[in-house]
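Structure first, then comments.
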Amino acid sequence: MRLSQFHLATVKEVPADAEITSHRLMLRAGMIRRLASGLYTWSPLGLRVMRKVEQIVREEMDRAGALEMLMPSIQPKELWEETGRWQKFGDQLLKITDRKQQEFCYGPTHEEVITDFARNELKSYRQLPIVFYQIQTKFRDEFRPRFGVMRAREFLMKDAYSFHLSQESLAETYAAMYQAYVRIFTRLGLTFRAVQADTGAIGGNASHEFQVIADAGEDAIAFSDGSDYAANLEKAEALAPTSQRPAPAIALQRVDTPAQKTIAEVSAFLKVSPQQCVKTLLVRGRDGLVALCLRGDHEINAVKAGKLAELPDESVLASEEEILAATGARPGFIGPVGLPDSIPVIVDRDAAVLADFVCGANVDGIHCTGANWDRDARVSRIADLRSVVDGDLSPDGNGVLHIARGIEVGHVFQLGRKYAEALDATVVDETGKPQVMTMGCYGIGVSRIVAAAIEQRHDDAGIIWPEAMAPWRVAVCVINPKNVPAVAAAGEALYQALSQRGIETVLDDRGLRAGGMFADIELIGIPHRVVVSERGLAAGTLEYRAREDSESRALSQEELFSLLH
RNA sequence: CGGGGUAUAGCUCAGUCUGGUAGAGCGUUGCGUUUGGGACGCAAAAGUCGGGGGUUCGAAUCCCUCUGCCCCGACCA
């Protein structure tokens with residue numbers, strides 16, 4: 001490609017509200033332009049990068065035996081009512097009405113459509129297992145679109161769905177897809193981690209997220225430094241402490257804490273560590289209020305709480321009025337000592353081994369010291385309630401956990417029979433009896449990968465693409481070609497020679513001054529740059545610089561070709 | 001959904017408090033000088049000041065209303 005024939009649209013200024021690096025750099029490089037909230041136009045430059053990602057995804061899915069197809073982006077309401085998701089998906093589902101007043105949605109995902117396809121197409125167990133996939137635009141009406149294409153409403157996604165007669169078959173395909181994902185993200189040149197994920201309300205058997213490690217990531221992940229263990233923070237188990245609870249050593253006392261409500265305030269005021277305090281959360285259970293007790297330095301894990309039998313899937317904190325009515329005290333002074341018997345007290349494993357701890361006294365302005373379980377406070381049961389923290393032991397017994405930020409770019413999921421059951425997707429088995437199929441689903445956020453790569457690889461000058469994602473591998477920059485015909489000719493010849501060797505090359509023949517040319521090429525992240533100049537021509541060398549290097553070096557044409565081979 | 005902010009030239013933003021003929025930088029066009037890290041000079045084009053309503057002799061500026069966009073919050077005791 002000759003840049004003089006291309007629409008390169010770099011800009012110097014970017015809106016103040018473009019907050020994260022990848023969003024700013026994509027705008028500056030002219031890869032995307034915003035059309036409306038969460039909607040972006042991909043320029044020729046941006047699309048070149050997205051197509052690179054798409055192609056690697058496609059090749060690896062094909063290699064893994066998945067079959068590409070294409071489903072409509074618009075889906076009929078009736079199908080979504082069959083699975084109950086027309087209501088359940090909520091406001092993120094963009095609903096549309098056609099001129100006949102028939103209702104549709106713009107697909108946020110395609111379980112309904114593919115399962116409908118499968119129930120019509122698949123009749124016999126002999127056709128299984130089978131994996132279908134598509135690469136297609138999705139729409140989710142996000143509550144808060146932000147960070148450019150990282151959390152856009154419209155985005156490009158690869159979604160795959162597998163169909164099986166047995167759980168064993170699903171497990172095999174799941175493993176194959178997992179391996180395909182490892183290949184994809186490795187080929188893309190990204191630093192990533194496959195982490196165990198919570199299966200959520202769908203309740204499948206296994207799920208992994210593929211997370212690109214980056215500080216701007218929206219997800220927290222926990223990983224062991226002594227093993228392969230890695231899990232989403234929502235899922236990571238906090239091991240039970242090995243120590244036994246000490247015997248009570250001191251008597252229960254009530255002390256005045258007139259204005260100390262938070263753990264930080266109480267522990268500072270009473271000169272005890274937060275680890276020696278118990279914090280109590282009152283939440284609305286399935287049947288009245290429930291108390292959850294944690295060590296003062298720990299945080300509640302909402303997903304773990306949601307799995308308790310006493311609580312709904314999404315627990316909600318009690319209001320100040322409810323708390324006052326139930327305990328006689330305001331938030332900040334609640335504790336397990338002297339709670340009404342009607343409120344179950346569920347205690348985190350770590351809080352349960354404390355003795356002589358500090359907690360709220362259920363009287364405004366008063367806390368207890370020297371409190372002890374059983375002697376002073378009921379324990380209905382002990383559970384894992386908290387999020388793990390840096391330094392916790394790994395649940396698999398090997399190493400210590402660390403916390404990192406990640407960007408979720410892929411998700412593999414053993415779905416089970418939920419959708420096949422709802423849509424009655426069956427095949428006949430060896431005995432001729434109909435069996436509901438078992439399913440898996442496997443997603444990759446193609447457009448998000450582009451942003452995630454920039455988040456992971458950039459410097460002050462701009463983007464640093466991994467070779468596999470770069471819009472071009474090599475840029476040939478010619479200095480002052482208009483005044484020096486020999487330089488123009490040499491640049492053209494080098495461009496032809498590289499192109500003929502199958503090396504994707506862009507020729508910067510715009511005739512810009514050197515500074516402007518270099519700034520653009522660095523901003524758009526081309527991995528290799530070659531400068532053709534009067535100076536180099538006289539010396540008989542080319543000036544080469546890798547995007548990641550800070551110095552140029554002189555190469556002969558042969559050396560350049562072998563380097564780029 | 002709750003709270004806050006914002007909307008002015010193609011882009012990024014001043015001007016609004018204190019009403020009085022619409023501004024800058026970047027970009028664009030033309031001419032000239034330049035040509036190895038985002039050059040310089042001269043000239044030029046370019047805005048229903050988000051929409052509607054009101055107050056006023058007079059509104060980008062004050063008031064009401066609608067819309068778009070952005071930020072913060074949704075697990076804190």
Side-chain angles (χ1 to χ4, degrees), chain A residues 9-20 23-24 27-28 30 33-39 90-92 141-148 153 234 257 259-267 274 277-284 291-294 296 298-306 311 314-320 322-324 327 329-336 358-362 364 367 385-387 460-462 477-484 487-488 508 510-523 529 531-537 543 545 550 552:
Chain A
T10 56
V11 290
K12 289 178 188 163
E13 285 170 306
V14 121
D17 50 36
E19 289 193 299
I20 63 169
H23 188 196
R24 300 175 63 84
L27 288 169
R28 281 229 289 139
R33 297 286 185 233
R34 195 186 70 87
L35 177 66
S37 177
L39 302 179
D91 292 334
Q92 285 198 39
D141 203 350
E142 292 283 347
F143 298 122
R144 256 190 85 187
R146 58 184 141 174
F147 304 148
R153 294 196 291 176
E234 293 175 342
T257 49
Q260 286 69 39
K261 299 174 78 171
T262 65
I263 291 292
E265 288 164 356
V266 170
S267 63
C277 300
V278 165
K279 69 167 109 174
T280 304
L281 285 68
L282 284 178
V283 299
R284 293 180 192 149
L292 304 177
C293 291
L294 296 161
H298 287 150
E299 295 295 329
I300 185 77
N301 182 310
V303 170
K304 291 178 182 177
L311 300 183
E314 299 204 1
S315 54
V316 178
L317 285 171
S319 68
E320 184 162 340
E322 287 172 294
I323 292 173
L324 196 57
T327 69
R330 295 180 189 286
F333 302 103
I334 309 304
V358 170
C359 63
N362 299 313
D364 280 358
H367 276 75
L385 295 178
R386 69 176 177 94
S387 292
D460 290 344
C477 298
V478 287
I479 307 276
N480 202 8
K482 285 173 184 161
N483 294 334
V484 191
V487 169
D508 195 342
R510 294 174 298 171
L512 262 56
R513 304 164 70 86
M517 195 158 48
F518 296 161
D520 274 351
I521 296 301
E522 282 160 15
L523 175 60
R529 185 186 79 191
V531 176
V532 178
S533 66
E534 208 170 2
R535 219 155 71 186
L537 231 49
E543 186 179 320
R545 178 161 157 187
S550 54
S552 302

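Numbers restart at 1 for each chain; the letters A, B, ... are given by sequence-line order, proteins then strands.
Both distances falling under 3.5 Å, in either a Watson-Crick or a G-U wobble arrangement, occur for no nucleotide opposite G38(B). Pair assignment for A59(B) gives none, since no Watson-Crick or G-U wobble pairing has each distance under 3.5 Å. Nucleotide A24(B) forms a Watson-Crick or G-U wobble pair with U12(B), both donor-acceptor distances falling under 3.5 Å. In this structure, G68(B) and U6(B) make a Watson-Crick or G-U wobble pair, each of the two defining distances being under 3.5 angstrom. Of the nucleotides present, U29(B) is the one that pairs with A43(B) by Watson-Crick or G-U wobble criteria, both distances under 3.5 Å.
C69(B) and U8(B): their P atoms are spaced 14 Å apart (whole Å). Taking atom C1' on both nucleotides, C31(B) is separated from G10(B) by 23 Å, rounded to a whole Å. Remark: the separation of the P atoms in G2(B) and A39(B) is 49 Å, to the nearest Å. Nucleotides U21(B) and C70(B) place their C1' atoms 33 Å apart, quoted to the nearest Å. The separation of A59(B) from C40(B), taken at their C1' atoms, amounts to 41 Å, rounded to a whole angstrom. A gap of 30 Å separates the C1' atoms of G73(B) and C17(B), to the nearest Å. Comparing the P positions of G41(B) and C57(B) gives an interatomic distance of 48 Å, to the nearest angstrom. Nucleotides A60(B) and U18(B) are separated by 15 Å at their C1' atoms, to the nearest Å.
Between the side chain of Glu522(A) and the base of G37(B), at least one donor-acceptor pair of N or O atoms lies under 3.5 Å. A donor-acceptor contact under 3.5 Å is not formed by the side chain of Arg146(A) with the base of G73(B).
Between atom CZ of residue Arg535(A) and atom CD of residue Glu543(A) there is a gap of 6.0 Å, rounded to the nearest 0.5 Å. Note: Thr257(A) OG1 to Phe333(A) CZ = 5.0 Å, rounded to the nearest 0.5 Å. Atom CZ of residue Arg513(A) and atom CG of residue Asn480(A) lie 9.5 Å apart, to the nearest 0.5 angstrom. Taking CG of Asp364(A) as the start and NZ of Lys261(A) as the end, the distance is 8.0 Å to the nearest 0.5 Å. The CE atom of Met517(A) sits 4.0 Å away from atom CD1 of Ile479(A), with the distance rounded to the nearest 0.5 Å.
Contact between the side-chain N/O atoms of Arg513(A) and the OP1/OP2 oxygens of A39(B) is found at a separation under 4.0 Å. Put simply, Ser37(A) has no side-chain N or O that comes within less than 4.0 Å of OP1 or OP2 on G68(B).
If you check every strand for non-hydrogen atoms under 4.0 Å, Val14(A) touches sugar and phosphate atoms only. Residue Arg535(A) is in base contact, counting any heavy-atom pair closer than 4.0 Å across all strands shown. As judged by a 4.0 angstrom heavy-atom cut-off over every strand, Ala519(A) is placed among the base-contacting residues. Residue contacts shown for Arg545(A) include a base, since a base heavy atom lies under 4.0 Å away. Heavy atoms of Leu281(A) sit under 4.0 angstrom from at least one base atom. Among the protein residues, Glu534(A) comes within range of no part of the nucleic acid, since none of its heavy atoms lies under 4.0 Å from any strand. Within 4.0 Å (heavy atoms only), Arg529(A) reaches at least one base atom of the nucleic acid.
Each of G38(B), C71(B), C69(B) was ranked by its minimum atom distance to the side chain of Leu523(A); first place goes to G38(B). Of all nucleotides listed (G37(B), G38(B), A39(B)), G37(B) comes nearest to the side chain of Phe518(A). Side-chain atoms of Ile263(A) lie closest to A77(B) of the nucleotides G37(B), U35(B), A77(B). Among the nucleotides A77(B), G37(B), G38(B), the one closest to the side chain of Asp520(A) is G38(B). Checking G38(B), A77(B), G37(B) against the side-chain heavy atoms of Arg28(A) singles out G38(B) as nearest. Side chain of Thr10(A), nearest nucleotide from G38(B), A77(B), U35(B): G38(B).
Applying the salt bridge (Lys or Arg N to Asp or Glu O under 4.0 Å) test to Arg386(A) and every residue at least two apart in sequence or in another chain returns Asp348(A), Asp350(A), Asp392(A).
Rounded to whole Å, atom P of C11(B) lies 10 Å from atom CZ of Arg33(A). Rounded to an integer number of Å, the gap from CG of Leu512(A) to C1' of A39(B) is 11 Å. We find that CG of Leu39(A) is positioned 12 Å from C1' of C69(B), with the value rounded to whole Å. The interatomic distance linking Leu35(A) (CG) with G68(B) (C1') rounds to 12 Å, in whole Å. Following rounding to the nearest Å, Arg24(A) (CZ) and U12(B) (C1') show an atom-to-atom distance of 11 Å. Following rounding to the nearest Å, Phe143(A) (CZ) and C70(B) (P) show an atom-to-atom distance of 16 Å. Rounded to a whole Å, the CZ atom of Arg386(A) is 15 Å from the P atom of A77(B). Between the P atom of C71(B) and the CZ atom of Arg34(A) lies a distance of 10 Å, rounded to the nearest Å.
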* Structure fact -> Once base and sugar-phosphate atoms are separated, protein heavy atoms under 4.0 Å mark nucleotides 24-33 of chain B, 5' to 3', with B, S and - as -BSS------

* Worked verdict on Arg146(A) versus Glu19(A) for salt bridge (Lys or Arg N to Asp or Glu O under 4.0 Å) -> CA-CA 9 Å; Arg146(A) 58 184 141 174; Glu19(A) 289 193 299; over 6 Å; no

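Contact between Thr280(A) and Gly335(A) at its shortest, heavy atoms only, is OG1-CA, 3.5 Å. The two residues Gln260(A) and His367(A) have their closest heavy-atom pair at O-CE1, 3.4 Å. Looking at every heavy atom in both residues, Ala329(A) comes nearest to Ile323(A) through O-CG2, 3.5 Å.
With the nearest nucleotide of RNA chain B identified for both Thr262(A) and Ser552(A), Ser552(A) has the one nearer the 5' end. Residue whose closest nucleotide on RNA chain B sits further toward the 5' end, between Phe147(A) and Val531(A): Val531(A).
Each of Ile263(A), Val358(A), Ile300(A) was compared with Lys279(A) under the side chain to side chain contact (heavy atoms under 4.5 Å, CB included) criterion, and only Ile263(A) meets it.
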